[in-house]
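As structure tokens, the structure follows; a few thoughts come after it.
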Protein chains: 2
Amino acid sequence: MATTKARHTELVGSLVGLMHVLQDLYAETSRPLGLTPQQAHLLCVLLGGPQGMTDLSRIMSIERSSLTSMVDRLERRSLLARNPHPTDRRACQITLTTDGHTLADQAHTAFTDRVEALTVSLSPTARKTLVSAITNITEPGQ
Amino acid sequence: MATTKARHTELVGSLVGLMHVLQDLYAETSRPLGLTPQQAHLLCVLLGGPQGMTDLSRIMSIERSSLTSMVDRLERRSLLARNPHPTDRRACQITLTTDGHTLADQAHTAFTDRVEALTVSLSPTARKTLVSAITNITEPGQ
DNA sequence: TATTGTTATACTCTATAACTATA
DNA sequence: TATAGTTATAGAGTATAACAATA
């Protein structure tokens with residue numbers, strides 16, 4: 001049915017538009033800090049605690065070999081470090097340095113502030129509804 | 001206030017999660033078609049009609065020089081063409097070839113189907129609310 | 001044998017600066 | 001002069017395949 005299809009398309013179009021707005025915002029807030037969006041993403045993931053390479057690659061949906069070069073570059077800038085895993089000598093734990101943590105915090109705050117500014121006109125109820133609808137989408141099995 | 005901050009953070013977190021889910025979906029649906037996500041994006045923009053390089057670079061938020069190389073690669077694959085602008089001899093109009101249009105359609109459909117599948121559990125009312133809330137975010141001045 | 005992470009390689013994406021041609 | 005698009009260059013992101021070390 002045409003109306004149903006149109007409604008679906010409208011929602012998908014909205015979601016895609018939102019994705020691009022957020023991507024652009026991510027890039028805009030990362031650049032002034034001397035980070036690419038991907039680097040900002042990696043540092044922000046590490047705000048949640050140290051991670052191994054394999055886990056990181058899964059979280060970020062990139063190959064381990066791609067991650068190796070990203071980590072190389074950030075390690076050279078002393079923003080993170082490869083620490084030995086306590087029991088598994090093959091593995092390493094990627095941890096933020098003090099500088100890296102500071103920068104990650106700045107990136108996270110800058111981005112969050114910008115997104116919050118965009119959502120300032122939403123009522124508390126609208127926020128709750130929005131979070132609920134989005135969760136429905138991103139976590140299909142609830 | 002702690003609660004307000006937490007609520008904001010929750011919404012921002014949801015939005016970021018949604019962005020990553022959609023990005024991954026974009027990558028997953030593009031790859032089998034032999035396209036990078038950026039190439040798929042470019043082709044899908046052109047589904048809306050021919051565009052000049054400067055307009056395209058604004059729409060996609062990338063530098064014109066970055067676009068030049070992307071267009072080069074897709075032109076080499078005969079997915080799009082540089083046509084002369086009718087009145088301005090400096091400018092060109094990037095248009096999809098028949099093959100490019102077919103591929104762009106496939107990419108668009110594949111992505112749309114996957115996103116629709118994710119939103120299948122939302123009621124018509126929830127959809128309308130969601131579109132409205134998102135529009136509020138992406139078009140601040142309405 | 002399976003897993004962790006790296007290396008080697010090849011492309012693609014991206015920005016900056018300088019350039020050509022046209023308006 | 002200003003604008004449309006390109007070229008040259010350099011760095012970053014990415015995947016595939018093959019590899020070393022350890023589990």
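Letters A, B, ... mirror the listed sequences (proteins, then strands); counts begin at 1.
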Determine the contact category for [X]: base if any of its heavy atoms lies under 4.0 Å from a base atom, sugar-phosphate if only primed atoms, P, OP1 or OP2 are that close, otherwise nothing.
X: A/Glu63; value: base
X: A/Arg31; value: nothing
X: A/Ser57; value: nothing
X: B/Thr68; value: base
X: A/Arg89; value: sugar-phosphate
X: A/Thr36; value: sugar-phosphate

Roughly how many Å is it from [atom1] in [X] to [atom2] in [N], rounded to a whole number?
X: B/Gln23; N: D/dT14; atom1: CD; atom2: C1'; value: 14 Å
X: A/Met53; N: D/dA21; atom1: CE; atom2: P; value: 18 Å
X: B/Leu35; N: D/dT14; atom1: CG; atom2: C1'; value: 15 Å
X: B/Gln51; N: D/dA4; atom1: CD; atom2: P; value: 13 Å
X: B/Asp72; N: C/dC11; atom1: CG; atom2: P; value: 16 Å
X: B/Arg76; N: D/dT6; atom1: CZ; atom2: P; value: 13 Å
X: B/Met70; N: C/dC11; atom1: CE; atom2: C1'; value: 13 Å
X: B/Asp55; N: D/dA4; atom1: CG; atom2: C1'; value: 11 Å

Considering only heavy atoms from C-beta outward, does the side chain of [X] approach that of [Y] to under 4.5 Å?
X: B/Leu42; Y: B/Leu67; result: yes
X: A/Leu18; Y: B/Leu22; result: no
X: A/Arg77; Y: A/Leu35; result: yes
X: A/Leu25; Y: A/Glu28; result: yes

Above 12 or not: heavy atoms from other molecules or residues under 6.0 Å from NE2 of A/His20?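 Yes, because the 6.0 Å sphere around NE2 of A/His20 holds more than 12 heavy atoms from other groups.
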Spell out yes or no: do the side chain of B/Thr54 and the base of D/dA4 have one donor N/O and one acceptor N/O closer than 3.5 Å?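 Under the 3.5 Å cut-off, the side chain and the base do not form any donor-acceptor pair.
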D/dG5 base to B/Arg90 side chain: any donor-acceptor pair below 3.5 Å?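 Absent.
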Worked verdict on A/Asp99 versus A/Ser78 for side chain to side chain donor-acceptor pair (under 3.5 Å): CA-CA 7 Å; A/Asp99 283 357; A/Ser78 301; over 6 Å; no
For B/Ser69 and for A/Ser61, find the nucleotide of DNA chain D with the closest heavy atom, then tell me which residue's nucleotide is more 5'.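 Counting from the 5' end, the first nearest nucleotide belongs to B/Ser69.
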5′-ward residue of the pair A/Leu67/B/Ala91 relative to DNA chain D: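 Looking at the nearest nucleotide for each, B/Ala91 comes out on the 5' side.
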Quick one: is D/dA15 close enough that its OP1 or OP2 comes under 4.0 Å of any side-chain N or O from A/Ser65?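 Result: no.
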Tell me whether the side-chain N/O atoms of B/Arg82 come closer than 4.0 Å to OP1 or OP2 in D/dG5.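 Checking D/dG5 against B/Arg82, no side-chain N or O comes under 4.0 Å of OP1 or OP2.
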Of the nucleotides C/dT14, C/dG5, D/dT6, which has the atom closest to the B/Ser66 side chain?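 Selected nucleotide: C/dT14.
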Where the side chain of A/Ile62 is defined as all heavy atoms beyond and including C-beta, which of D/dT14, D/dA12, C/dA23 is the nearest nucleotide?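 For the A/Ile62 side chain, the nearest candidate turns out to be D/dT14.
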